[in-house]
*Asks:* 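Submitted below is the structure of interest, expressed as structure tokens.
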Amino acid sequence: MEDEDPNQQEHDGTPSQMSPLEAEARGYTLFRVSDREFMIKVSRRRWAVVLVFSCYSMCNAFQWIQYAAINNIFMNFYRVSSFAIDWLSMCYMVTYIPLLLPVAWLSEKFSLRTIALTGSALNCLGAWVKLGSLQPHLFPVTMLGQVICSVAQVFILGMPSHIASVWFGDDEVSTACSIAVLGNQLGNALGFLVPAVSVPNIYNPDELAYHISIMFYITAGVATLLFILVIIVFKEKPKHPPSRAQCLSYTLASTDASYLSSIIQLFKNFSFVLLVITYGLNAGAFYALCTLLNRMVIFHYTVRVFPKPAGS
């Protein structure tokens with residue numbers, strides 16, 4: 001998947017000698033900032049980037065809710081309380097709170113590719129760690145794998161707007177951001193559907209471990225494939241800036257304000273604080289309902305359990 005001819009310009013967007021008519025014929029838009037002239041053109045790679053990101057975001061969201069979706073089954077398998085299984089979901093929220101600002105700072109300091117590789121690698125590692133928890137006494141191992149995935153989530157959730165601004169033109173930013181966020185929501189949906197369909201509510205721990213292992217192996221395989229795709233598809237930035245805003249970002253000098261002072265300045269903005277509160281209430285209600293939905297349904301409805309084998 002190649003972009004435009006590398007001989008047309010350097011990676012930072014500075015064009016070679018080319019007349020405006022020739023640039024327009026090739027699909028470029030010339031834009032001058034101070035004493036530098038840029039060629040604005042979107043890369044064909046941009047859709048692959050956002051789709052790969054959406055897919056590994058979906059995989060991470062699937063791993064978040066796969067335990068809570070069949071809370072009663074994992075509770076019986078690992079012989080722990082329902083509250084312990086709830087923590088396999090809640091660890092995502094607990095991890096996000098202290099790591100949000102440090103990871104946001106890392107996103108400012110390192111390239112988009114580095115952050116994407118880190119999130120995808122942690123998501124893949126967490127999926128493989130869970131494969132070591134296919135015995136009833138290995139609940140701590142599955143918790144470790146889930147915590148690793150929860151750290152990956154912090155690197156994932158802040159990326160949609162970054163991908164949209166770096167790779168897409170002014171008229172495509174909203175669409176790209178929507179596609180990137182959509183993967184997370186699809187992952188939530190699959191996290192409720194796939195475990196309920198693939199893992200039956202049975203007593204035999206060996207047979208139950210077999211069905212759980214199939215789900216874990218498929219998840220780990222998908223996470224590994226997506227990690228490889230991230231290595232292949234993700235680049236630091238496109239060869240040509242896709243928008244005037246990106247041209248400006250190439251030329252602006254770094255600000256003297258510290259990262260901490262910029263955060264403090266944000267929280268002095270009433271509109272930002274109001275947005276944080278309203279979105280927090282909405283997200284909190286959603287995550288709480290997803291985590292407890294299985295327990296709510298079981299409490300009010302009879303659950304069909306396959307007969308217990310004789311002599312067990």
Side-chain angles (χ1 to χ4, degrees), residues 46 49-65 91-126 146-168 172-188 223 226-227 229-230 233-238 242-243 245-246 249 254-255 257-267 269 271-284 286-287:
R46 69 193 188 281
V49 169
V50 74
L51 287 175
V52 168
F53 169 79
S54 185
C55 287
Y56 83 77
S57 176
M58 176 176 64
C59 181
N60 183 260
F62 170 84
Q63 294 193 77
W64 163 57
I65 205 63
C91 69
Y92 265 61
M93 285 73 87
V94 172
T95 305
Y96 189 79
I97 295 171
L99 294 183
L100 170 60
L101 294 182
V103 170
W105 179 81
L106 290 174
S107 299
E108 295 292 330
K109 295 297 180 182
F110 295 93
S111 68
L112 186 66
R113 173 180 168 83
T114 301
I115 299 302
L117 284 172
T118 303
S120 182
L122 288 171
N123 184 62
C124 178
L125 176 62
Q146 192 73 342
V147 169
I148 294 173
C149 291
S150 71
V151 176
Q153 173 216 210
V154 188
F155 287 88
I156 292 171
L157 290 187
M159 286 189 64
S161 59
H162 196 185
I163 291 175
S165 64
V166 170
W167 282 91
F168 287 82
E172 298 174 331
V173 169
S174 296
T175 301
C177 206
S178 300
I179 293 173
V181 173
L182 177 64
N184 194 270
Q185 306 305 314
L186 288 176
N188 294 338
L226 291 171
F227 175 57
L229 288 176
V230 169
V233 172
F234 265 79
K235 302 297 179 186
E236 180 179 353
K237 59 183 178 180
S243 65
Q246 280 300 296
S249 73
S254 59
T255 178
S258 68
Y259 179 73
L260 181 60
S261 65
S262 65
I263 296 297
I264 294 173
Q265 196 66 30
L266 267 178
F267 278 94
N269 186 307
S271 298
F272 175 79
V273 173
L274 187 62
L275 177 63
V276 168
I277 294 172
T278 53
Y279 179 76
L281 290 172
N282 176 69
F286 172 74
Y287 292 143

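Everything numeric here is computed off the predicted structure, so don't read it as measured data.
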*Asks:* For Ser161, is there any backbone N or O sitting under 3.5 Å from a side-chain donor or acceptor partner on Ser165?
*Replies:* yes
*Asks:* Would you check if Cys149 and Leu122 make a side-chain contact, meaning some heavy-atom pair closer than 4.5 Å?
*Replies:* no
*Asks:* Given side-chain contact (heavy atoms from CB on, under 4.5 Å), test Leu186 with Phe62 step by step and report yes or no.
*Replies:* CA-CA 8 Å; Leu186 288 176; Phe62 170 84; over 6 Å; no
*Asks:* Answer yes or no: is there a side-chain heavy-atom contact under 4.5 Å between Arg46 and Glu172?
*Replies:* yes
*Asks:* Look up atom SG in Cys59 and atom CG in Asn184, then write down how far apart they are to the nearest 0.5 Å.
*Replies:* 11.5 Å
*Asks:* For the residue pair Ser120 and Tyr56, what are the closest heavy atoms and their distance?
*Replies:* N-CE1, 4.0 Å
*Asks:* For Ser111 and Thr114, does a side-chain donor sit closer than 3.5 Å to a side-chain acceptor?
*Replies:* yes
*Asks:* Testing the basics here: between Ala152 and Gly119, what is the closest heavy-atom pair and its distance to 0.1 Å?
*Replies:* CB-O, 3.3 Å
*Asks:* What are the two closest heavy atoms between Leu275 and Thr278, and how far apart are they?
*Replies:* O-OG1, 3.1 Å
*Asks:* In Å and rounded to the nearest 0.5 Å, what is the OG to CD distance from Ser54 to Gln185?
*Replies:* 10.0 Å
*Asks:* With a 4.5 Å heavy-atom cut-off, do Gln265 and Phe272 have their side chains touching?
*Replies:* no
*Asks:* Using side-chain contact (heavy atoms from CB on, under 4.5 Å) as the criterion, list what pairs up with Val273, not counting sequence neighbours.
*Replies:* Phe267, Ile277
*Asks:* Please report the interatomic distance NZ(Lys235) to CZ(Arg113), rounded to the nearest 0.5 Å.
*Replies:* 5.5 Å
*Asks:* Heavy-atom distance under 4.5 Å between the side chains of Phe53 and Ile156, does that happen here?
*Replies:* yes
*Asks:* Look at the side chain of Gln146 and the backbone N and O of Gln63, then say whether any donor-acceptor pair between them is shorter than 3.5 Å.
*Replies:* yes
*Asks:* By the definition side chain to side chain contact (heavy atoms under 4.5 Å, CB included), identify the one residue from Leu99, Asn60, Ile115, Leu117 that meets it with Phe155.
*Replies:* Ile115
*Asks:* Taking the side chain as every heavy atom from C-beta outward, state whether Phe234 and Ile163 have any atom pair closer than 4.5 Å.
*Replies:* yes
*Asks:* Quick check: do Val147 and Tyr92 have side-chain heavy atoms less than 4.5 Å from each other?
*Replies:* no
*Asks:* Are Thr175 and Phe168 close enough that some pair of their side-chain heavy atoms sits under 4.5 Å apart?
*Replies:* no
*Asks:* Which one of Thr118, Thr95, Val103 satisfies the side chain to side chain contact (heavy atoms under 4.5 Å, CB included) criterion with Val151?
*Replies:* Thr95
*Asks:* Give the ring-plane orientation class for Trp64 versus Phe286, where under 30° counts as parallel, over 60° as perpendicular and anything between as tilted.
*Replies:* tilted
*Asks:* Please report the closest heavy-atom contact between Pro102 and Pro98, naming both atoms and the distance.
*Replies:* CD-O, 3.3 Å
*Asks:* Identify the heavy atoms of Trp167 and Leu112 that sit nearest to each other, and give their distance.
*Replies:* NE1-CD2, 3.5 Å
*Asks:* So which heavy atom on Ala180 is nearest to which on Ser57, and how close?
*Replies:* O-OG, 4.5 Å
